[in-house]
Each structure stands twice: as C-alpha cells, then as structure tokens.
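Each chain gets a letter, A, B and so on, in the order the sequences are listed, and its residues count up from 1.
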Amino acid sequence: MKIQAINGFKDILPENVLLWQHIEKKAREVFQRFGLREIRIPILEKTELFVRSIGEATDVVEKEMYTFPEAGLTMRPEATAGIMRAFIEHGLHVQQPIQRLYAIGPMFRHERPQKGRQRQFHQLDTEIIGSVDPQIDAELISMGQMLLDELGITTSLEINSIGCSQCRPPYRQKLVSFLESRHDDLCEDCKRRTYTNPLRVLDCKKSTCREIAKDAPSLLEEVCDNCKGHFNQVQASLDRMGITYTLNRFMVRGLDYYTQTTFEFLTDDLGAQSAVGAGGRYDGLIEQLGGPALPGIGFAMGMERLALLLEQQNNRPHMDSEMDLFLAALGPQSMDYCETLVHKLRKKGIRAAMDYSGRSLKAQMKQANRFKASFTLIIGDNELLEQTGIIRNMSTQEQQPIGLDTNTDQLSNVLAEIVR
RNA sequence: GUGAGCGUAGCUCAGCUGGUGGUAGCACCGGGUUGUGGCCUCGGAGGUCGUGGGUUCAAGUCCCAUCGCUCACCCCA
C-alpha cells in the first residue's frame, strides 16, 4: 500500500508555491503599511485556551478540534486565541497602548473536506488590540479590502453589529421566544438551531425559514445605544474612505468571543464556501482569558481560498526567470571547468546551474529552457582550447562569443555583469 | 456525523449491449538539426484498470464488500 497524505491535508507543490509566496508577500507588505508587526506563535496550545475563547458550545470546539486528550493539548483551529494568550503572557500592552499584529500559518479543523475547505488550512490573521475607537474598525476593514484589491480579487463586503455582552443576551432570549412561536414552520436544522445557535436561523438558506426570519426581531434594532452609535461611526468612516459595503443584519459568527462590529469578504466563486475573509470585534476576550480589560478587533483570511480565487479570476502572477545562467558543458574538460565556474557564480549570488550527465547540447538547451534561464553559456572542449565560449540570450536568441579565461574569477565577474 | 458521485499511464481522460488495455492529449527520453531551447515532425519508455471476492467460457466493463478521493449538507477562513 502506497502511503499518501491524509484526507484534508494537502501538499503545495513548487509550481503553486509561487502563487502562495505572491499572496504572502503582498499581505506582509499591506499589513506593514498599516503598522502591523508579525507575531509567530505555536501550533499546539492547551485545549482550555480554545474552549474558553471560542466557546464550549460552538461547533469548532465541540466536534472540529484535533485534540490530544491525555495531554490536554489541541492543534490550533484559529489564531486569535493563541495571539491573545501570547499578548497576555508577555504583557505586550505595557510596551504599546495599541498593539497591531499579524500572523500567517496553518490551522487545523476536523471537518469533512470540500472545495475551499481543508483540515489543515492556512490563514492570514490580523489583530488590533487596545482601542474601542470605531475608526479602528474601519481602518482594519480598509486594510482587508486593500489587500484584496491589490491581489486583484473581487469580493463583496458585508457588515453587521451583533451587539455587546449587555444587549446581546436579552436579544437572544427574545429571538428564541419568537422562534419557538414559529417552531412548527422551521426546517429540521433550524428547530435544532433555535437552541444551539438561534442567530444562525436568520442565515438559513431555506425559503420558508427566510420568510420567518423577515419577521424576526432585528438585532440591529435591538442593540443598545452604545453599540448603535459605535456601528454608525464605523459606517461613517467607511463612507469617508469610499469603501462600499452592504448591511447584513442576518450575519452571525461561529465563535462566541465576537462583539459589536462583524464583517465578511464574500464571493460566489468558491463553490459552497462564500467567505474569503471574516472578522470582528472581541472586546471581552482578553479579560476573559485572565488578561487586562482591553478590547480588540481582527480578521482572518483563508489562504487556500485566496489562491483558488487568484487562479479562477485569472490573476496568477506571471513568473520571472528562475535561473540567471545555465552552463551547457560538452566534454569532460569543459564539465570540470563549468563546475568551478558555477560554484564561483553562485558565491557571487548568481543563480546558476549545469547538467552533469553529459547529455547532448540539445538536451541541455531543453533543460536550460525548463529552468527558465535568462542566459546559457555553451562551452565545449574546443571552446576551452580556443578560449572562446558562446553566450546565448534565451529570450532574444542572440548569441555572442565570450572570451574564456583560465582565471575563472575574472570570467565569473564578467558573466555576473552580463547576467545582471 | 449525513448524502451523492468518481477510482484506467506522473497528470487530464477515451474504452459502446462483457470478447486482446488507448496511434489519445500534456509531461518525460531520443532522433529529424553530425554542437543550439520554445514551434513542428518521427520514434521510445511508461499500467497489479484502487483492493478483495463473486457471476461467466471470458470482467476495465456486471454484482457484493472494502479502501481512497471529490462534491454537497452541517459548520466555517
């Protein structure tokens, strides 16, 4: 039996890594533009951390975590909890009143894989900690939008406010009562959701449930004045920046720690998955984890989803040459000569390669082409005797003789100049 | 956890009502070009038809089981 990767865990092969590096590079660039600094945290944490932050009754905690029960450890299903743990553990708030952080890396959830969803997946995660200012919310959203824009990915932005610890519980109670009054008309899933996650009923795709949802009390109208004011200011900021969005009063969150502002970057191009990125405020989380009473807001973007969209929307970055110079050696002497030359070129930072199998020139040219080499230097034993090689520009097909030198240091300098 | 679909070359796939595995495309190797890549052309190599059992004179094809993958539900980035 051949050993293969386990279900939901994917290899990212070299040709695709270029795409991933493109995404990462652009993300770091944009995040740094907003003053975010990278933080790297462990993949394994105490199970308790996720239970306390994400919420005991959430799907993620109840059935999706990779946990080692005997050790009490869990592979992180998301990044925010770990970042907050690190934030508290190292007292980062003392250094700077507002901390702006980002993290990039793999997350793990034991769900059934499907398009745009894997068991090991990767997220770009951002957090701004220490401010309740609604302009911070808008700034963070604008950063996500800017990244998507610059990647050339088209999404729609939806925002909502899900209230705070003061106003959400009463609303939730009101909603449950309403749903109970219409219980018989709800679909089977929603009958269950009424008690597990009543807000999710508002988001049900079934038409009958949608009709009922229209009559349900609206969270946006029920939230407290403070939350309303905050949300209005977020919208005013987005308006000033010219960022287009739609209000979605049915948008809810799967993790318990979210408060007030929530938002999602959405697409129709990912099969059943619609969210490319999502986030929101989590004002009680840090305190709940035993840290100072500091607010925060963040978002995560799914890198697999970004990569899929880049491919689908035909925005694959065109790749440059991946090799500066390929040395085609013909004959034993020239092979040894080229070996020395390749070594010296590489020490100068030039990307250089050659073939040792003594294949035909045609075969070696093919190889140079596969390497996407900018130049090829052809050196046979004859050339070595006459001290004149041939250098070929692979894109223009121009060839020129080049004086060879027994002093390969000199020659490698000359070649380095040509190739640069 | 539930449902549906699919497993044939490294990849993408033909293979009809069972009757000798495809000159298939991409990729790979070599020749045409006696020392020049991409395009063209000719040739070559590459397979336990996922696995196990059953039906049959005969199974890639039909039946059963099993493993794997994919998509969808739930839920989520």
In this structure, how many angstroms lie between the P atom of B/A77 and the CZ atom of A/R117, rounded? 10 Å

For atom CD1 of A/I153 and atom P of B/A77, their distance in whole Å: 17 Å

Take atom C1' in B/G5 and the same atom in B/G30, then report the distance between them in whole Å. 42 Å

A/Q364 side chain near B/U36 phosphate (N/O to OP1/OP2, under 4.0 Å): no

Taking only Lys NZ, Arg NE, NH1 and NH2, and the carboxylate oxygens of Asp or Glu, determine whether A/E264 and A/R253 approach each other closer than 4.0 Å. yes

Is it true that A/R182 and A/D215 make a salt bridge, defined as a side-chain N closer than 4.0 Å to a carboxylate O? yes

Run the side chain to side chain contact (heavy atoms under 4.5 Å, CB included) test against A/R33 and tell me which residues pass, sequence neighbours left out. A/E29, A/V30, A/M146, A/E150

Between N or O atoms, less than 3.5 Å apart, protein on one side and nucleotides 26-29 of chain B on the other: list the pairs.
from	atom 1	to	atom 2	distance (Å)
B/C28	OP1	A/R370	NH1	2.4
B/C29	OP1	A/R370	NH2	2.9
B/C29	OP2	A/R370	NH1	3.4

Just the rounded figure in Å: distance from C1' of B/C73 to NZ of A/K115. 17 Å

N/O donor-acceptor pairs under 3.5 Å from side chains in residues 362-370 of chain A, not counting sequence neighbours:
from	atom 1	to	atom 2	distance (Å)
A/Q364	OE1	A/A329	N	3.2
A/Q364	NE2	A/A329	O	2.9
A/Q364	NE2	A/R359	O	3.0
A/Q367	OE1	A/R359	NH2	3.3

To the nearest angstrom, how far is A/L199 atom CG from B/C74 atom P? 17 Å

Could you go through nucleotides 6-9 of chain B and list every protein N or O atom that sits under 3.5 Å from one of its N or O atoms, giving the distance for each pair?
none

For A/E38, give me all partners under side-chain hydrogen bond (donor to acceptor under 3.5 Å, both in side chains), at least two apart in sequence or on another chain. A/R28, A/R40

Which ranges of RNA chain B pair up as stems, where a stem means three or more consecutive Watson-Crick or G-U pairs with both distances under 3.5 Å? B:1-7 with B:67-73, B:10-12 with B:24-26, B:28-32 with B:40-44, B:50-54 with B:62-66

Counting only heavy atoms and a strict 4.0 angstrom limit, can you tell me which residues of residues 330-339 of chain A come near RNA chain B? A/L330

Length of the line joining A/Q273:CD and B/C74:P, which is rounded to integer Å: 11 Å

Would you mind reading off the distance between A/L361 atom CG and B/G31 atom P, rounded to a whole angstrom? 11 Å

Would you kindly give the NZ-to-P distance between A/K10 and B/C71, to the nearest whole Å? 7 Å

Identify whether any heavy atom of A/L306 sits under 4.0 Å from a base atom; if not, whether one sits that close to sugar-phosphate; answer base, sugar-phosphate or nothing. nothing

A/R117: which residues meet the salt bridge (Lys or Arg N to Asp or Glu O under 4.0 Å) condition with it, sequence neighbours left out? A/E111

Polar atom pairs (N or O), protein with nucleotides 39-44 of chain B, under 3.5 Å:
none

So A/Q397, base contact, sugar-phosphate only, or nothing? Heavy-atom distance under 4.0 Å. base

With sequence neighbours excluded, give me every ring-ring contact (aromatic ring centres under 6.0 Å, His included) pair touching residues 133-152 of chain A. none

How many whole angstroms separate atom CE of A/M107 from atom C1' of B/A77? 9 Å

If the condition is salt bridge (Lys or Arg N to Asp or Glu O under 4.0 Å), which residues does A/D355 pass it with, not counting sequence neighbours? none

Applying side-chain hydrogen bond (donor to acceptor under 3.5 Å, both in side chains) to A/Y195 and not counting sequence neighbours gives A/E180

Nearest-0.5 Å distance, CG of residue A/N16 to CD of residue A/E304: 10.5 Å

